[in-house]
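Shown next, in structure tokens, is the structure this report addresses.
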Protein chains: 2
Amino acid sequence: MSISTASNALNGTGRTNAETREKVRRIAEEIGFRPNALARGLLTKRSHAIGMLTNDTYGRLTLPMASGVSEVLVDHGVSLFLCATNNDPRLARLHLEALRDRQVDGIIFTATRIDMEPPPELTQLGIPVVYVFAQGPSDSVSFHPDDAQGARLAVEHLQGLGRSRILHITGERNYRAACIRAEAYQELAGPAAEVMFGDWSEEWGHAAIETVFSRSGAKPDAIFCGSDEIARGVIDALRDRNISIPGDVAVVGFDNWEVVSRQTRPPLTTIDMELKELGHRAGLAILALSKGETIEPGVERLPCTLVFRRSAGQGDQA
Amino acid sequence: MSISTASNALNGTGRTNAETREKVRRIAEEIGFRPNALARGLLTKRSHAIGMLTNDTYGRLTLPMASGVSEVLVDHGVSLFLCATNNDPRLARLHLEALRDRQVDGIIFTATRIDMEPPPELTQLGIPVVYVFAQGPSDSVSFHPDDAQGARLAVEHLQGLGRSRILHITGERNYRAACIRAEAYQELAGPAAEVMFGDWSEEWGHAAIETVFSRSGAKPDAIFCGSDEIARGVIDALRDRNISIPGDVAVVGFDNWEVVSRQTRPPLTTIDMELKELGHRAGLAILALSKGETIEPGVERLPCTLVFRRSAGQGDQA
DNA sequence: GTGAAAGCGCTAACAA
DNA sequence: TTGTTAGCGCTTTCAC
């Protein structure tokens, strides 16, 4: 039997007798034959590998996304190169060159904030690119969490609980996501509703509560926080003041970062950005692009979900 | 000029006239020539890629290590395949097959606890393997944090502060690391020193303090915690009881997970496992093995470091 | 339906 | 020192 017949049989290409095909497959199985991906890639111009460029050393956002991407790819026989740039342009260039040398079928660019710009060389490689949690050029394919919808989810939930004096304590004003959420919040809570920008820390949550509750005027009956860490600071500060949660003040966070949101007292109701799903979608998109299919460019915003715990609303243990 | 002369010139192999070599290099640069890694790998049997198998979806341990590995590899022109198994044996098999098909030069197996066993197929591939934060076979090359040394660092630090009634609150007894640390602690603190096993949660830290401070008997003047999360629970519980930290009770954690350790009040003095360095060492090791060099097998335990904050000893802001 | 032959882009012998 | 040749392991015409 010739080598090309075997190839045809295994790949189902060309015309092959059903009988021979079975035989070839059986024997291949028996001897544990596995085609050499390098050789195949060399010939077909498709390496069945894609690269993921990330600037996140810390992993909180990246790894859930990466594992989402990986999950989708592995079932299509596609592998994932992890390229950690640590925000170093030299490393980014090095990785990009390596990806080109390896003939990857596509690149996923990930950042840790949605307004972070990718390296300019990226688009000049002639390799399809998908942007996740990052700002691509206007004609590119990007996936973001739907920050506005997430914020609405939080505010509507609080309003549904009968709260009317909702305060928004969030992170830095120069983060796009913080602004988007703040705007969505104000649309629902009214323009008079107050937004307190600060930084993304627990400490800021704490400090903000000190400010609000030591000044005169009406106090909020609900607080929507820009991150779980901020929410943690808020909750701790409220507890210090013997303000009951959610009785006096309901609290909703943002991130569903379980190490924080499960551990607050009471556990935190919060918004989940569905990072893994973001990864799935990005994986599917890059797979399609690598096959030459076209995808409508633009930013697709994937819905966030509300995770009920006890700091606001029908908690799962309440 | 022939194609093989060019190859020789670029790779510095064979004998080449310095003049031609320069010329070739210049032109290669000019036209942006980059060798096809697939073709090269096919011929040389070295793909210059290595795979990293991890069961960690969450990323807290994996990503710092992975970025350490990646940092080392990228400078040697070696790329890293990320294989997230999510603890699913089917996925592990799938990834392992893919790595074989791609002729990776080596595999790094990573787990989230040092006594987690790797899939048995792993060693039968004929590909060098390095184990990090995981239990490899006895004749394998493994890198672990030095849990015993880390624990000693913590206890000695507390003793150096004049504390004599040190308590150890840690995680689950069936984690190897928990036992190693507990033993090292007892060697220094004396066999009468108490170890409280529980789970790895903040809640457990809280509960342990309730127990200790509501029973009769001498109270500890220092607490060494098995994780930063536990330490956070401990600190919160102590604060609830108006016990001053570090005045009445000094606290040391384990992990230096900054999102936790920076945010406790006061900030947490803790043990850092140097995960990135672990990644560096693993990267170097797999690189050496993939070149056919031999490395003395066994578990190499890399030293932990003590990070001073304010919950015990000379804090950086104290 | 099957097999011989060509060739993907490169490196490594060897001959010139 | 340079060029010629063979071949890595596979897919893909195209005769048979």
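Keep in mind the model is a prediction, meaning the values are calculated, not measured. Residue numbers begin at 1 in each chain, while the letters A, B, ... track the order of the sequences.
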Most 5' of B/Ala39 and B/Thr5 on DNA chain C, judged by nearest nucleotide | B/Ala39
How far does the helix from C/dG1-D/dC16 to C/dC14-D/dG3 bend, going by the axes of its first and last five pairs, to the nearest 10°?
-> 40°
Can you tell me how far CG of A/Asn86 sits from NZ of B/Lys276, rounded to the nearest 0.5 angstrom?
-> 4.0 Å
State, to 0.1 Å, how close A/Val72 and A/Gly283 come at their nearest heavy-atom pair, and which atoms those are.
-> CG1-C, 4.0 Å
With heavy atoms under 4.0 Å as the rule, sort A/Arg46 into base, sugar-phosphate or nothing.
-> nothing
Is any side-chain heavy atom of A/Arg301 less than 4.5 Å from a side-chain heavy atom of A/Ile180?
-> yes
If you check every side-chain atom of A/Lys45, which of D/dC8, C/dC8, C/dT11 has the closest atom?
-> C/dC8
Map B/Thr20 and A/Pro35 onto DNA chain D by nearest heavy atom, then report which one ends up closer to the 5' terminus.
-> B/Thr20
Base C/dA4 to side chain A/Ser4, donor-acceptor N/O within 3.5 Å cut-off | yes
Kindly assign one of parallel, tilted or perpendicular to the pair A/Tyr175 and A/Trp200, based on the angle between their ring planes and the thresholds 30° and 60°.
-> perpendicular
Rounded to whole angstroms, how far apart are CD1 on A/Ile3 and P on C/dA4?
-> 11 Å
note: A/Leu10, atom CG; D/dT12, atom P; distance rounded to Å ~ 13 Å
Round to a whole Å and report the spacing from CG of A/Asn11 to P of D/dT12.
-> 7 Å
Round to a whole Å and report the spacing from CZ of B/Arg102 to C1' of D/dG9.
-> 15 Å
Heavy-atom side-chain contact between A/Asn11 and A/Arg40 under 4.5 Å | yes
Could I get a table of every N or O pair under 3.5 Å where one atom is in the protein and the other is in nucleotides 14-16 of chain C?
none

Is there a side-chain contact between B/Val130 and B/Ile295 (heavy atoms, below 4.5 Å)?
-> no
Return yes if some donor-acceptor pair links the side-chain N/O of B/His144 with the main-chain N/O of B/Ala134 below 3.5 Å, else return no.
-> yes
Are any non-hydrogen side-chain atoms of A/Asp105 and A/Val78 less than 4.5 angstrom apart?
-> no
Report the distance from atom NE2 of A/His48 to atom C1' of D/dC10, rounded to the nearest whole Å.
-> 12 Å
Kindly say whether B/Ala9 contributes a backbone atom to a donor-acceptor pair with the side chain of B/Arg25 at under 3.5 angstrom?
-> yes
d(A/Trp257 CH2, A/Asp272 CG) to nearest 0.5 Å is 13.5 Å
Whole-Å gap separating C1' (C/dT11) and CG (A/Leu38) | 14 Å
Residue among A/Thr20, A/Thr16, A/Thr13 satisfying side-chain hydrogen bond (donor to acceptor under 3.5 Å, both in side chains) with A/Asn8 = A/Thr13
Among D/dT12, C/dG7, D/dT4, find the nucleotide with the atom closest to the side chain of A/Leu43.
-> C/dG7
Can A/Glu30 and A/Arg26 be counted as an ion pair, charged N to O under 4.0 angstrom?
-> yes
Starting at atom CG of A/Asn36, determine the distance to atom P of D/dG7, rounded to an integer number of angstrom.
-> 18 Å
Can you tell which of C/dG3, D/dG9, D/dT4 lies closest to the side chain of A/Met1?
-> C/dG3
First of B/Leu42 and B/Asn17 reached from the 5' end of DNA chain D, by closest nucleotide = B/Asn17
Quick one: does A/Thr13 reach the base of D/dT11 with a side-chain donor-acceptor pair under 3.5 Å?
-> no
Taking atom types as they are modelled, is there a donor-acceptor pair under 3.5 Å from the base of C/dG1 to the side chain of A/Thr16?
-> no
Verify the contact: side-chain N or O of B/Ser7 to OP1 or OP2 of C/dT11, cut-off strictly under 4.0 Å; return yes or no.
-> yes
Polar side-chain atom of B/Thr85 near backbone of B/Thr54 as donor-acceptor pair, under 3.5 Å | yes
Close approaches to DNA chain D from residues 23-33 of chain B, in residue order (heavy atom, under 4.0 Å) = none
